[in-house]
Structure formats: C-alpha cells, structure tokens
Amino acid sequence: MQTDSSFTFVLFGGTGDLSMRKILPALYEAHRAGGMLADSGKIVAVARHAADRGEYIQWVNEHVKPHVSKNGVDETAWSSFLERIEFVKIDLGNPEDFALLRDAVKDLPGIRVFYLATGPSLFVPICRALASVGLNENARIVLEKPLGYDLKSSNAINDAVGEIFAEEQIYRIDHYLGKEPVQNLLALRFGNALFEPLWRREWVESIQITIAEELGVEARGDFYDNTGALRDMVQNHLLQLLSIVAMEPPHSMDSDSVRDEKLRVLRALKPINPLDIGKVAVRGQYHSGVIRGNAVPAYATEPGVKPNSTTETFVALKVEIENWRWAGVPFFLRTGKRLADRVAEIVVNFRAVPHSALGASALRAGANRLVIRLQPNETIRLYCLAKQPGEGMNLASVHLDLAFDQFFREGQMEAYQRLLLDVINGRLALFVRRDEQEAAWRWVEPILNEWKASNKPPKPYAAGTWGPAAASAMLAQHGTCWLEEEN
Ligand code: BG6
C-alpha cells in the first residue's frame, strides 16, 4: 500500500498506557513496513510528564520499544521512526498552553489528526481548547472508549464534541472493528454465496458470541471498578460483533452503507424487560483461583478495587433481534475476565435436519455448526456429520477446517495499525458512528439500571473457570450449552 497523504498526528496522553502499548507500537509497525506512512508525516506527542523532546524520546526508548514487533526491533527503522516524533509539553488543565501546540504544528504538513488517548473527562476540555486556537478546522479527532458512562454522559460528550467537529471529522475507536478476523467475517458473509441463504431463522437455531480473557484487571482496577464488564465489553465490542454477524448485506463497503446496516440491527434488539432480567442476564465476579497452574487473587483484592465491590467481571446475556431474518433466534453473548482461556469466537448452531432417515446415531451426533474463531488463532471450522467407517450406518461429527495462516503468509496487521492508517487516510467505515453508539447505550442501559436497583451482588466464580453456573443454566433452558473448544 503506497500513500502520499501527509499527516501531523497529535497524540494526547503521549506517556499513557495506551500510547505505550498500542498507539506508538502501531505507528512504528506502519513506519517499518514502508510505504504506509508518508515520509513527511510527523507525530507530535503531548504530555506533561516529560520536560522536553529529549526526555520524551528517552521514555519512548525505555517504555515503547519493549512493546514493538514480536519479531524484534529493526534498529534502523526504529531510529528513523524516532525522527518523526516531536514533543509539546502541555498541562491539559491549562487551555492557554494550547497556543504552544498551535505554534508547534503550524508549519507541519498534511492532515491533522488529534488522538485523545486520555480519560473521557478530558475529551470536551481538549476539544474546546483546540477550537480556541483554531485547530479544529479541517482536522480529524479520534476518541477512545469508554465514551461516557451511560447514554446521558455519552450524549453530553457527543453533543459538546459535535459543536466543534462535524460527524465526519470524528473517529470513535472500537479496536475490535480493526481486527483482521472481524474484517474476514464480512468477507465470509458477503463474499460467499454459500452461507447467505442459510444465515437466517429458518436454518439457524442459535448463535453464541464469546470474548473470554485470562487476564484480570491488571493495573486498571480503579477504572474497571467504576466500569464493569457490561460497559467495558458488551456495550461496544460484543454489540459490534453481534451487529456484523446479524446485519443485512450492505449495498457497498463504504462507511455509511456498512454503518447503516449495523445500526438497523442495534435498533432491532429486543428491549430487555426488567422483570425478565434474571432469565436473560447473568453477572459474575471472579474469586481467587488457578489459571494455567498459577494461583490468582480474587477481584475484590486487586489493587484499586473496593474490597466490597459489586462490579461485574463477567456477563452472559440472551439477546433477541426483532426482524424477519432473526425473530425467535437466541443470540447468547458472554465475556469475562479470569476465565479458563483467552478466546474470542462466534458459534452458529444450525438446526437439525427436519427428518432423519439415518436413525438415532444421526440425532446423537448433533447438527451442523460453524465456529468462527477470531483469536487467538484465526480459524473457521464447519462441523458436519459423516458415516463412521465399517458396518452399519453410524454417524459421527467431523469438521472441515480453514486455518488462515496456512493460506496467507503475511502476518496479520494489528487492529490499531489498521485503524490509525484509516484515520490518516480518512476512511470512516471501521469507526463507530454516533447513532450506533447511542443505540447500543439505549439497549444496555435498562440492564445497568435494573442491576443497580436490585442491589444484588454478582454471582461468584472461581478464576480459571468459565464463569458462574447460572450462565450455563441460562443456555440449558434453551436445550443448548456453551461451546468450549480446545485451543
Ligand atoms: C478493551 C477493554 O477494550 O478490550 C479491556 O477495555 C479488554 O478490558 C480488551 O481487556 C480486550 O481486547 P483484546 O483485543 O485483547 O481482546
């Protein structure tokens, strides 16, 4: 990919965790690959924890370098990457400091991108300060999640930012949309004629979407304790995945065609009736346990977490979509920290044949199932029934496997790298539009409210397991169970 679009990429929160782990390593990878970033493009880091450029570069060497490329650092590329970096010391609490930023970028080339890798409470003050020195014009602004805490606070941020930047200047990040396998889901669904006729209520019995993590809350206890899994993972990543799985074929892959179709799904989600919440939503919190042979502590004893915290670290939901394609098909979503495995996958359970001429063994062997594994190893597995060799007609479940790394030599591009390149090149398709975000908040909010009002503690689960038993019981009500495959 060749580009000549020059840019000035201003990174607020330049010494923050996200800049260190994701943003700067992604920019380095794009630089190292060659041809993806215009040679004249500059990165302007904004922070107050470094005195000057020299000190900032030292910080980048110490803290960012360990996070770049699993295959080692290319020293020549690394030093030319550092040459792209400028630094401005700004106290974000002091709007007058933004004149320094204006002066620093005024002669730099290309489109201006302002990346707010800061807490959401700073989004509006930063946007206003940028506008006060005229830096909002013809620029792009990137907002990290979480964007707000609920519908009201998210609307307040969107309204205020919307007074300064037009919607097409705003890039709301959901890094799941930048993952290669999520892109591939679009290719699978809309590049193949094979699946589309079956992708509907007549043939699909249920769908599961899981994002399971082995990690706990790491150093983010304070943030997480005020957030919980529903806001951290469901409102954004899981509902985005759901909308891609369930959407109608878009007219084209341009940004609004895709986002319009996702929005239709989000708006068609059946509202949760507070009286049914116990039947369709399970919340859990991890206690101490063992993961891969290592003892891990309980959530409530993690640094930054209140000892009597009732924040959920696990959520399982039954979701329905009220439209012709999906009416009556349950979508089961789950996510959690400190689970038995790190895996993100989508399981499409097809209906059994309407009449089995092949006898009881066919029924025992089960129905067709498509398992789309997004991470850690991207694969697609289609379960079919086949005759067992030998006498008689005994059927067994077998599978067809598609492992992407066997077909494509090139390594996958990291989500952040793809998304940052999209911002620089003005491609909005993989960013969340305001109406999508609102629809997602509108749907999750009754669950948050009901959980708060009922004041019930989350169900405990031991770290290293698949979550509270109630999550399995919820599926058992529908005659099914969570699929847990070996990695
Ligand atoms: C982030 C959440 O958005 O996604 C984290 O805030 C979570 O809590 C992370 O760990 C998971 O992302 P990934 O790409 O590692 O699956």
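Whatever order the structure lists them in is the order used to number ligands and atoms, beginning at 1. This chain uses plain numbering: 1 for the first residue, then up along the sequence.
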S.K.: Quick check: Tyr224 and ligand 1, any N/O pair under 3.5 Å apart?
M.R.: no
S.K.: Quick check on Tyr176 - does any of its heavy atoms sit under 4.0 Å from an atom of ligand 1?
M.R.: yes
S.K.: With heavy atoms of Glu213 as the reference, note each atom of ligand 1 found under 4.0 Å away.
M.R.: 7 (C), 10 (O), 11 (C)
S.K.: With heavy-atom distances below 4.0 Å as the criterion, list the atoms of ligand 1 near Lys337.
M.R.: 5 (C), 7 (C), 8 (O), 10 (O)
S.K.: Kindly determine whether Arg259 and Asp435 satisfy salt bridge (Lys or Arg N to Asp or Glu O under 4.0 Å), including the steps that lead there.
M.R.: CA-CA 9 Å; Arg259 299 190 297 179; Asp435 46 11; over 6 Å; no
S.K.: With heavy atoms of Lys145 as the reference, note each atom of ligand 1 found under 4.0 Å away.
M.R.: 1 (C), 2 (C), 3 (O), 6 (O)
S.K.: Is there a donor-acceptor pair closer than 3.5 Å between any side-chain N or O of His63 and the backbone N or O of Trp59?
M.R.: yes
S.K.: Check each atom of ligand 1 against the heavy atoms of Arg342 and keep those under 4.0 Å away; list them by number with element.
M.R.: 15 (O)
S.K.: Which of the atoms of ligand 1 are close to Asp232, meaning less than 4.0 Å from one of its heavy atoms?
M.R.: 2 (C), 5 (C), 6 (O), 8 (O)
S.K.: Looking at Arg325 and Glu248, does any basic side-chain N land under 4.0 Å from a carboxylate oxygen?
M.R.: yes
S.K.: Are the side chain of Trp466 and the backbone of Asp341 linked by a donor-acceptor contact shorter than 3.5 Å?
M.R.: no
S.K.: Between Arg112 (side chain) and Ala139 (backbone), is there a donor-acceptor pair under 3.5 Å?
M.R.: no
S.K.: Which of the numbered atoms in ligand 1 are below 4.0 angstrom from a heavy atom of His175?
M.R.: 1 (C), 3 (O), 4 (O), 12 (O), 13 (P), 14 (O)
S.K.: Tell me whether Arg418 is salt-bridged to Glu180, with the criterion being a basic N under 4.0 Å from an acidic carboxylate O.
M.R.: yes
S.K.: Can you sort out which atoms of ligand 1 are near Lys179, meaning under 4.0 Å from one of its heavy atoms?
M.R.: 13 (P), 14 (O), 16 (O)
S.K.: Just by distance, no angles: are the side chains of Arg172 and Asn158 close enough, under 3.5 Å, to form a donor-acceptor pair?
M.R.: yes
